[in-house]
Number of protein chains: 6
Amino acid sequence: MKISARNTLKGKIVAVEKGATTAHVKIEIADGTVVTASITNESVDALGLTVGGEAYAVVKSSDVMIAVD
Amino acid sequence: MKISARNTLKGKIVAVEKGATTAHVKIEIADGTVVTASITNESVDALGLTVGGEAYAVVKSSDVMIAVD
Amino acid sequence: MKISARNTLKGKIVAVEKGATTAHVKIEIADGTVVTASITNESVDALGLTVGGEAYAVVKSSDVMIAVD
Amino acid sequence: MKISARNTLKGKIVAVEKGATTAHVKIEIADGTVVTASITNESVDALGLTVGGEAYAVVKSSDVMIAVD
Amino acid sequence: MKISARNTLKGKIVAVEKGATTAHVKIEIADGTVVTASITNESVDALGLTVGGEAYAVVKSSDVMIAVD
Amino acid sequence: MKISARNTLKGKIVAVEKGATTAHVKIEIADGTVVTASITNESVDALGLTVGGEAYAVVKSSDVMIAVD
């Protein structure tokens, strides 16, 4: 499946924390650069996400902001 | 200003394309890894974004999805 | 690629309207039910989206609201 | 109230799962097609959402992605 | 129609700027406090939005970030 | 840090409710006008958010919808 979301960052899962309904998954996309995703517990199970696995952080362009110092 | 958004990826602006109201800004956050942001033209002007400048791509965790092969 | 987004609605593309940077793509997911997506022109080209083609509307659960009469 | 969000999909609530702060509500918008919404518990109470009730899944166009096989 | 989005800020429309496909609508929700919405041109027409009219800015809680100085 | 998000509403924190992974923070941005944010518990800790403190509700324009009566 190819998706319109322009941002697909490959990395390794370094944390999976399930809450009551919402989970936080952290992916290290480069040395010391970690991206946090807030997704449903259901997705964690459906995709079989576990620490150490390879995965992609996917973000739609309209959800990316820019900041400057 | 400190913001709750968990994802702040530092990089260099490699493209700024203004449309009629919406602009696309591309930031290279690592060698060969480019993040695209869709923001208002107004923001491009307010922040003075130009190719070559340093900037951050900022994303709220609830806007990050996870994908696996 | 499998994605964490919980909502994947299959349908047929009924309209592709490109703007200066942002395109609107409409997918008919059931008789008379059309979903509108606002994506980058770049994605329209990358995915080769054209009227009549099959496609999926994909939405992250945290982007779905509920309304009642 | 009329809203700018272009996507309003009518259906029947088939599940309401409350978490600690976040609830998942599922609406069947067509035979076998279920949409999942992640909303606040507060909204579930304010709208009186219960299984079997009629409701709409509402999505802003800029939150819809397109995928192809 | 009642919606799950927790944030509904009443105000007066002070600007409507249409682009090729995307419009920017500004609502003054308090003296000197203006909220900008990026919506489809289609919605501007469907809702008949014009400067001077009363309207609400509606935001889902999961789209609100917090910042501190 | 300056951010591209066009909407920054200053106010006072009137509630911080932590869930299992997701917190709800409420900011009063004007007399009787309260904005609710759904953010990670992690952010609440990182920013030291507590009731009575000053804070900003920050929203990207593409996440703002417009409604009319």
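The chains referred to below are lettered A, B, ... by the order of the sequence lines, with proteins before strands, and numbering in each begins at 1.
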Side chain to side chain contact (heavy atoms under 4.5 Å, CB included) with A:Ala5: which residues, sequence neighbours excluded? A:Ile3, A:Val58, D:Met65
Contact summary for A:Ala20 and D:Ala20, nearest pair of heavy atoms: CB-N, 3.5 Å
D:Ile39 side chain reached by D:Leu49 side chain, heavy atoms, under 4.5 Å: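 Heavy-atom side-chain distance check passes, below 4.5 Å.
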Between D:Leu9 and D:Ile27, is any pair of side-chain heavy atoms under 4.5 Å apart? no
Is there a side chain to side chain contact (heavy atoms under 4.5 Å, CB included) between D:Val59 and D:Val64? Walk through the geometry before answering. CA-CA 7 Å; D:Val59 185; D:Val64 181; 3.7 Å; yes
Note each donor-acceptor pair with a separation under 3.5 Å, taking one atom from chain A and one from chain D.
{"from": "A:Lys2", "atom 1": "N", "to": "D:Val68", "atom 2": "O", "distance (Å)": "2.8"}
{"from": "A:Lys2", "atom 1": "O", "to": "D:Val68", "atom 2": "N", "distance (Å)": "2.8"}
{"from": "A:Ser4", "atom 1": "N", "to": "D:Ile66", "atom 2": "O", "distance (Å)": "2.7"}
{"from": "A:Ser4", "atom 1": "OG", "to": "D:Ile66", "atom 2": "N", "distance (Å)": "2.8"}
{"from": "A:Ser4", "atom 1": "OG", "to": "D:Ile66", "atom 2": "O", "distance (Å)": "3.3"}
{"from": "A:Thr21", "atom 1": "OG1", "to": "D:Thr22", "atom 2": "O", "distance (Å)": "2.9"}
{"from": "A:Glu42", "atom 1": "OE1", "to": "D:Lys26", "atom 2": "NZ", "distance (Å)": "3.0"}
{"from": "A:Glu42", "atom 1": "OE2", "to": "D:Lys26", "atom 2": "NZ", "distance (Å)": "3.2"}
{"from": "A:Lys60", "atom 1": "NZ", "to": "D:Ser62", "atom 2": "O", "distance (Å)": "2.9"}
{"from": "A:Ser62", "atom 1": "OG", "to": "D:Ser62", "atom 2": "O", "distance (Å)": "3.2"}

